[in-house]
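FYI, side chains are in, hydrogens and waters are out, and symmetry mates aren't considered; it's all heavy atoms of this structure.
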Amino acid sequence: MGPQARATATRGAIVAAASNLVQDWICKFSASHPSHAPVMSASLSLSASSAAKSDRLIVAFSLALVASSMFFWIFPEVDLLVSRWFFSPDEGFVSSSDPNLQWLRKSSPWALAAVIVFMLVRILRDAIAGALTWSRARRRIWLLSGLALGPGLIVNGLLKEFWGRPRPVNLDVFGGDAVHQMVWVISDWCDGNCSFVSGEASSSAWLVAAALVTPKQVRPYATAITLLYAMSLSLNRIAFGGHFLSDVVLAWLICGLVFAILYRLIFDTAYPFHSDITGRMK
């Protein structure tokens with residue numbers, strides 16, 4: 001038997017031993033706590049089902065991100081075509097002077113801040129009341145970590161600062177002096193806070209994520225309203241000449257992938273059992 005075969009056999013033995021150990025522990029626990037056995041079995045089943053759904057969501061966002069990037073790479077003229085819909089040779093991007101659309105854009109930071117403050121207040125209130133459990137806090141932890149990693153670090157901290165894609169309003173075809181750059185191309189046509197990708201679109205995607213974890217009674221209404229608001233904010237950036245269509249689409253997909261990965265890590269692997277069961281198991 002060669003070294004690789006021995007290594008494979010060793011890994012197989014370790015996995016089998018770990019599996020037998022877990023099964024033996026579950027059997028012993030079920031025998032000593034017969035009233036908990038059905039609940040634990042259902043919890044494990046639900047956890048496995050939820051993890052599988054999260055994995056499929058991660059794969060879907062990954063494929064969509066790759067496919068969209070390839071589309072805009074192969075057809076870069078699509079970005080210019082969409083931006084031309086909002087451009088006038090005489091007046092430039094005329095929507096940027098519309099007071100209603102200006103108000104819409106200014107509302108975005110306030111909406112974002114309101115949701116963040118609400119979550120922090122809830123966390124502080126639970127902590128003071130001694131009710132800050134993992135099951136109560138994990139949604140807020142998921143949202144705050146998603147905001148910090150997606151819109152915060154990846155979008156605004158890395159891509160917008162270092163990829164150097166000029167905004168539509170700065171292009172020579174729209175009255176500026178910069179040359180159009182395709183998606184994922186690092187250039188020196190912009191020094192900072194550049195077009196690739198849209199920071200406000202990524203924040204809009206986060207607001208939709210927040211709506212998706214609201215209480216079930218209001219979730220459909222909150223999601224529909226937030227999605228309409230978020231899409232309006234994203235379209236607004238294209239109309240203003242601040243971003244290309246690809247900047248918006250890829251910002252949504254990048255953040256969606258980040259949120260899906262964090263959901264898999266925080267919800268599906270950290271605590272496989274429900275909190276009330278683990279409380280009785282201690």
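Shown here are the side chain to side chain contact (heavy atoms under 4.5 Å, CB included) partners of E91, two or more places apart in sequence or in another chain: S88, V94. The salt bridge (charged side-chain N to carboxylate O under 4.0 Å, His left out) search around R165 returns D79, D247, not counting sequence neighbours. Applying the side chain to side chain contact (heavy atoms under 4.5 Å, CB included) rule to P215 yields the partners Q217, V218; only residues at least two apart in sequence or on another chain are considered. Scanning for side chain to side chain contact (heavy atoms under 4.5 Å, CB included) contacts around Y221 gives an empty result, with sequence neighbours left out. Under the salt bridge (charged side-chain N to carboxylate O under 4.0 Å, His left out) criterion, D126 pairs with R136, R140, not counting sequence neighbours. In terms of the side chain to side chain donor-acceptor pair (under 3.5 Å) criterion, residue partners of W252 (sequence neighbours excluded) are, by chain and number, S234. For L81, the side chain to side chain contact (heavy atoms under 4.5 Å, CB included) criterion is met by W85, not counting sequence neighbours.
Judged by distance alone, the side chain of W142 and the main-chain N or O of L262 form no donor-acceptor pair under 3.5 Å. Judged by distance alone, with hydrogens and angles left aside, the side-chain atoms of H243 form no donor-acceptor pair with the main-chain N or O of I238 at under 3.5 Å. Formation of a donor-acceptor pair under 3.5 Å by the N170 side chain with backbone atoms of G176 is not found in this model. Using a distance-only test at 3.5 Å, with no hydrogens or angles considered, a donor-acceptor pair links the side chain of E161 to the main chain of N193. Checked by atom type and distance alone, the side chain of Q102 pairs as donor or acceptor with a backbone atom of S96 at under 3.5 Å. Side chain of S107 to backbone of L104: a donor-acceptor contact under 3.5 angstrom is found.
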Next on the checklist: Between V249 and F244, is the side chain to side chain contact (heavy atoms under 4.5 Å, CB included) condition met? List the steps.
Outcome noted: CA-CA 9 Å; V249 172; F244 296 103; over 6 Å; no
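More than 12 heavy atoms of other shown residues, nucleotides or ligands fall within 6.0 angstrom of atom CE in M119.
Within the structure, the salt bridge (Lys or Arg N to Asp or Glu O under 4.0 Å) test picks out the following pairs touching residues 97-111 (sequence neighbours left out): R105-E200. Applying the disulfide (SG to SG under 2.5 Å) rule to pairs touching residues 208-262 yields nothing, sequence neighbours excluded. For residues 98-157, there are no disulfide (SG to SG under 2.5 Å) pairs, not counting sequence neighbours. Within the structure, disulfide (SG to SG under 2.5 Å) pairs that include any residue of residues 178-210 comprise C190-C194 (at least two apart or interchain).
Note on ring orientation: taking the six-membered ring where Trp is involved, the planes of F71 and F75 are tilted (angle from 30° to 60°).
Residues S202 and A251 approach most closely at N-CB, 4.1 Å, considering heavy atoms. The two residues W73 and V185 have their closest heavy-atom pair at CZ3-CG2, 3.4 Å.
Linking Ile, Leu, Val, Met, Phe, Trp and Tyr residues whenever their side-chain heavy atoms come within less than 4.5 Å leaves V117 and L124 in two separate clusters.
Remark: I261 CD1 to L149 CG distance equals 8.5 Å, nearest 0.5 Å.
When ring centroids are compared, F87 and F93 come within the 6.0 Å threshold.
A side chain to side chain contact (heavy atoms under 4.5 Å, CB included) with L212 is found for one member of L207, L143, T223 and no other, namely T223.
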Using atom types as modelled, flag every donor-acceptor pair under 3.5 Å from a side chain in residues 58-70 to any protein atom, sequence neighbours excluded.
| residue | atom | partner | partner atom | Å |
| --- | --- | --- | --- | --- |
| S62 | OG | I58 | O | 2.8 |
| S68 | OG | A64 | O | 2.8 |
| S69 | OG | L65 | O | 2.8 |
| S69 | OG | W184 | NE1 | 2.9 |

